[in-house]
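See below for the structure under consideration.
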Amino acid sequence: MGIKIQITEEKLAKLSASMEKNKLKPGPLMPTLHDAQSIFGCIPIEIQKIIAEGLNESIAKINGVVTFYGNFSVEPKGENVINVCLGTACYVRGSQGLLDAFSDELKLKAGQTSEDGKYTLQATRCIGACGLAPVITVNNQVYGNSTVQKAKEIVAQLRNAS
Ligand code: FES
């Protein structure tokens with residue numbers, strides 16, 4: 001399941017330029033990964049290998065960073081990205097039920113992107129808005145005190161808008 005990314009010569013040239021520029025500064029890895037994420041829309045293993053060679057780092061380290069930070073992704077994301085917080089405050093207020101509701105509606109498990117590239121469903125760690133638990137974000141917009149009903153409405157809205 002999921003969508004394919006295009007690794008073109010032009011994009012690879014941009015990545016090389018980013019590595020050359022960032023190598024001149026201390027700590028070139030994070031800025032290079034940010035550039036790679038925006039150039040390719042994700043940082044799959046083939047791109048991680050190129051960065052490892054270019055910056056003289058181990059692939060294990062790069063893979064660890066890419067998979068740890070929520071702003072990087074190994075697979076391409078859909079046009080609409082839905083995040084359900086499974087941090088403690090949200091979890092105790094029922095966020096697993098919200099995740100299940102999105103899963104049912106979109107026929108996706110957490111971490112998956114639909115075949116048509118329209119939706120990505122993700123479970124996240126605490127996003128720092130615990131006072132609004134349970135929290136979901138849709139395309140970076142935060143919805144606090146969310147309910148299963150709200151989750152269904154959001155999916156209906158996204159479908160109508162596409
Ligand atoms: S636990 Fe969900 S925002 Fe903190």
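As the structure lists them, so they are numbered: ligands from 1, and atoms in each ligand from 1. Only a predicted model underlies this, so the values are computations on that prediction, with no experimental measurement involved.
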Short side-chain donor-acceptor distance under 3.5 Å, Asn83 and Thr124:
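Absent: no donor and acceptor within the cut-off.
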Contacts of atom 2 (Fe) of ligand 1 with protein N/O/S atoms, counting only those under 2.8 Å:
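As for protein N, O or S atoms lying under 2.8 Å from atom 2 (Fe) of ligand 1, they are Cys85 SG, Cys90 SG.
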Do you know the tightest heavy-atom contact between Cys85 and Ser95?
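For Cys85 and Ser95, the tightest heavy-atom pair comes out as O-OG, 2.8 Å.
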If you take all heavy atoms of Pro76 and Thr113, which pair is closest and at what distance?
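So the two residues come closest at O-OG1, 3.4 Å.
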Under 3.5 Å: donor-acceptor pair, side chain of Gln112, backbone of Leu121:
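No.
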Pi-cation contact, Phe68 with Arg125 (under 6.0 Å, within 45°)
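Positive - Arg125 is close enough to the ring of Phe68 and near enough to its axis.
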Is a salt bridge present between Glu9 and Lys14, judged by a nitrogen-to-oxygen distance below 4.0 Å?
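Looking at Glu9 and Lys14, the cut-off is not met.
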